[in-house]
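Take a look at the structure set out below.
Small disclaimer: the values here were computed from a predicted structure and weren't measured.
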Amino acid sequence: MMPDAFGCFFNITELVDHLTPYLAKNDISKLARTCRKMHTRCTLSLFRTLLADDGSIPRLFTSTPALLALSRNSQHVRELNLYLYDLVFYYNCLLTFQDMNSHLSNTPPTRPPWLPPPDIHAYQLVALPPMTRLSRLSFHSHRTNYPLPPYKLPSADNSGGTLAQLTLLISLSPRLTSLSLQEVSIADMAECRRLEDVIAKLHAIKKLELSIESEVNMRFAIFSRLFFSCPSSLQRLRLYFPGRSTDEDERGNVIAVPRKQEALINLRELLIRGIHDWNSATDIRSIFAHCPNINKLSLSVVMGHQETDEIEQFISKHCPRIESLDFCGYYMDSVEPFPFRIMGSLPPQQITEFVYRGALPYDSKFKTDVAFQRHSTTLRSIIISGHGILPQALFPMIVKECCNLDELLIGFGRCSDSHITFDDALQTPWACTKLTSLALGISGCELPVEPGVKPYYHRPTPITLTEVEAQHFSRLEFLYRQIGSLTALRELDLAMVPPDEGLDGMLLVHKSSTSFPAMLSIRNTSTNRPGFLHHLSGLKQLKALHGSFLKDRLKFNQLWQIWDATEGASTSEIMSVFATLLQHLET
């Protein structure tokens, strides 16, 4: 008798493995309970991933039946995601398991002296064996995501004990390929050394993300020790120290001597945030000499505001494969030429992504446009967020020579007032026609105010424009034609920057109800009313329009109401003009 299709399918283990990732945990559990064969096939998938929050269950360890099932199947767990109370509870279950084994073997338990003792509890713990086959471990010490658990865990209030518990858990998982620890606290170098020792033994690790809370004067020492302890298999390293320094933090830095000379030859991404003052230029050189093959580099301030010319040359020489640069200054208005000097020193036509948060340098000794021009054909994404006007020659050079740009965002955020001038926007034809996302703040687009002259839209028809207005509209039309030529655009965000508005006026740029003059208006030849909407008719792929047009995302069903009320055009006229432009616009 030939087996049916159902039996043929589920007899192949590999096919079941491909099916279960598309099923919810409840569905996998139901499938596993249909028969013994399906139980064997699905158990691995059911316990492969354990998340502290899967959207419905707020805690991992509140069900005794689930804990008993986990104790029988801990060898199947490959990914574990924990929050603070979950970690502490699991730690106590681990100690219970060790105590049981010691009792059965008649040998006293052996634990490192730095481990915290078990929490005193009035309830019975389920003994959980270590998950020795973990490949991904994620921990976050944030406490406010969930209500307090139904069990008391006094050691959760001890940050040093939490790090020790994490250290034990990591040491029991030598096969980890991904490790993420968020908001862990390191109070002294002894705690750092314990974490350093377990990281050094993760010979299969590929991704390491650490967010560490510590004293400012200890940050470089902690980073240095952890960095030089990383195995050579590491491909992605992200170390972040949240918080800023204060006057109370200005103490002597803790010195850390590198103890490992094997280079991280597989490291492709390096992120370092929150180290405000590195110990010395020699320390910085030792870091970048240790990772010669990085492709993506993300940094905050290096050496404070000290001169870093030689360091930039060193980085470019010893890390010649950098393709993505991401730099963040102390504050949005701080000027940091450091990343631009790296761009200028790297091999030409190599950088593909550039992100900069801070004010752009106006130093006449260093031209930012030259740095961008050096990589004009390879740049795909440019994001600049900070304070002030871009250097005069930078934007014209970008739109003229960076012909392969896919994303150009300047002054795009609520905490940024970076923008260009109207003159810069008109200086040269835009050749970056592959843009799919454009965000731009422009100053100087508002209509000139002439004493004693009413605005053109308040005059009787036919409207007669003054010479100044006619000249200004001619310049505006050139800008709108440039924007309309970007036929690949899917998202457009244009902000009119009010005159003489500094950092305090940033929110006004995004909340202002003013619009670019006549940009979204239909030209009326009988009344001589200006309108340049037809220049945008080629934007057939546009999905969203933001900025100084509407206060919220542009909706197709709102267009005719807004423009009919403001410009006197009929619904049919607007629909005919925008049928092509807005047919793909999200509703």
Side-chain angles (χ1 to χ4, degrees), residues 50 74-75 77-84 86-88 90-95 97-98 109-118 128-141 155-156 158-214 218-219 221-241 254 256-262 264 266-267 290:
L50 296 182
S74 61
Q75 73 276 13
V77 181
R78 298 295 184 269
E79 180 176 356
L80 182 62
N81 185 352
L82 297 173
Y83 281 85
L84 177 61
D86 306 301
L87 167 70
V88 178
Y90 178 53
Y91 171 77
N92 282 273
C93 292
L94 277 176
L95 296 190
F97 177 80
Q98 292 179 352
T110 57
R111 295 174 187 147
W114 43 264
L115 274 181
L128 291 178
M131 304 175 190
T132 56
R133 297 187 178 183
L134 275 180
S135 59
R136 299 174 63 88
L137 173 62
S138 178
F139 169 78
H140 202 301
S141 66
S155 65
N158 182 353
S159 59
T162 300
L163 183 61
Q165 293 165 355
L166 273 174
T167 303
L168 174 65
L169 181 56
I170 297 171
S171 67
L172 296 174
S173 309
R175 302 183 182 184
L176 283 176
T177 60
S178 176
L179 175 62
S180 175
L181 307 180
Q182 301 299 317
E183 296 186 15
V184 297
S185 178
I186 295 181
D188 53 48
M189 296 311 297
E191 294 181 353
C192 179
R193 283 192 292 272
R194 288 196 286 269
L195 181 59
E196 167 193 354
D197 289 339
V198 295
I199 290 177
K201 297 175 182 178
L202 300 177
H203 300 296
I205 193 74
K206 294 182 179 180
K207 178 183 176 182
L208 178 61
E209 296 188 13
L210 302 176
S211 174
I212 299 173
E213 296 179 351
S214 69
M218 294 174 52
R219 291 182 178 181
I222 293 173
F223 163 73
S224 180
R225 296 192 69 94
L226 293 178
F227 179 83
F228 285 102
S229 69
C230 292
S232 58
S233 61
L234 192 63
Q235 298 178 5
R236 180 181 180 184
L237 176 61
R238 301 170 68 89
L239 282 93
Y240 177 67
F241 294 86
V254 177
V257 179
R259 61 173 207 169
K260 183 178 179 181
Q261 300 303 320
E262 183 183 1
L264 299 176
N266 294 306
L267 191 64
H290 200 66

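- When every heavy atom of Phe97 is checked against every heavy atom of Leu128, the shortest pair comes out as CB-O, 3.4 Å.
- Using a distance-only test at 3.5 Å, with no hydrogens or angles considered, a donor-acceptor pair links the side chain of Asp86 to the main chain of Tyr83.
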From CA spacing to verdict: side-chain contact (heavy atoms from CB on, under 4.5 Å), Arg236, Lys206:
CA-CA 6 Å; Arg236 180 181 180 184; Lys206 294 182 179 180; over 6 Å; no

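- Between the side chain of Ser229 and the main chain of Leu226, a donor-acceptor pair closer than 3.5 Å is present.
- For Ser214 (side chain) and Ile186 (main-chain N/O), no donor-acceptor pair under 3.5 Å exists by modelled atom type.
- Scanning both residues, Tyr90 and Pro129, for their nearest heavy atoms gives OH-O, 3.5 Å.
- Side chains of Leu50 and Glu79 form no contact here, defined as non-hydrogen atoms less than 4.5 Å apart.
- Taking CG of Leu172 as the start and CG of Leu134 as the end, the distance is 9.5 Å to the nearest 0.5 Å.
- To the nearest 0.5 Å, atom OG of residue Ser138 and atom CG of residue Asn81 are 4.5 Å apart.
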What do the steps show when you test Phe139 against Glu183 for side-chain contact (heavy atoms from CB on, under 4.5 Å), and what is the final call?
CA-CA 9 Å; Phe139 169 78; Glu183 296 186 15; over 6 Å; no

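- Counting only heavy atoms from C-beta outward, the side chains of Phe227 and Leu237 approach each other to under 4.5 Å.
- A heavy-atom distance below 4.5 Å is found between the side chains of Tyr91 and Leu168.
- Rounding to the nearest 0.5 angstrom, the gap separating the CD atom in Gln182 from the CD atom in Glu213 is 10.5 Å.
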side-chain contact (heavy atoms from CB on, under 4.5 Å) assessment of Ile199 paired with Ile205:
CA-CA 9 Å; Ile199 290 177; Ile205 193 74; 5.9 Å; no

Show, in sequence, the C-alpha distance, side-chain angles and deciding distance for Ser232 and Glu262, and conclude whether the side chain to side chain donor-acceptor pair (under 3.5 Å) test is met.
CA-CA 7 Å; Ser232 58; Glu262 183 183 1; 3.1 Å; yes

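- Separating the NE2 atom in His203 from the CG atom in Leu176 is a distance of 12.5 Å, to the nearest 0.5 Å.
- For the pair Glu209 and Lys207, the tightest heavy-atom approach, listed with the atom from each and the gap, is OE2-CE, 2.8 Å.
- Heavy atoms only, all atoms of each residue included: Leu202 and Ser173 are closest at CD2-O, 3.5 Å.
- In this structure, Ser135 and Arg175 have side chains that are not in contact, with every pair of non-hydrogen atoms separated by 4.5 Å or more.
- Val184 is not listed as a side-chain neighbour of Thr162, based on a closest heavy-atom distance of 4.5 Å or more.
- For the pair Ile170 and Leu181, the minimum side-chain heavy-atom distance is below 4.5 Å.
- Atom CZ of Arg133 and atom OG of Ser74 lie 9.5 Å apart (nearest 0.5 Å).
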side-chain contact (heavy atoms from CB on, under 4.5 Å) evaluation trace for Cys230 with Leu208
CA-CA 9 Å; Cys230 292; Leu208 178 61; 3.8 Å; yes

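- Leu82 CG to Leu169 CG: the interatomic distance, rounded to the nearest 0.5 Å, is 6.5 Å.
- Closest approach of Arg225 to Cys192, counting heavy atoms only: CB-SG, 4.1 Å.
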Between Gln165 and Thr167, is the side chain to side chain donor-acceptor pair (under 3.5 Å) condition met? List the steps.
CA-CA 5 Å; Gln165 293 165 355; Thr167 303; over 6 Å; no

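- Of all heavy-atom pairs between Gln98 and Arg111, the closest is OE1-NE, 3.4 Å.
- Looking at Asp197, its side chain never comes within 3.5 Å of a backbone N or O of Ala200 through a donor-acceptor pair.
- Residues Arg136 and Arg78 fail the side-chain proximity criterion, which asks for heavy atoms closer than 4.5 Å.
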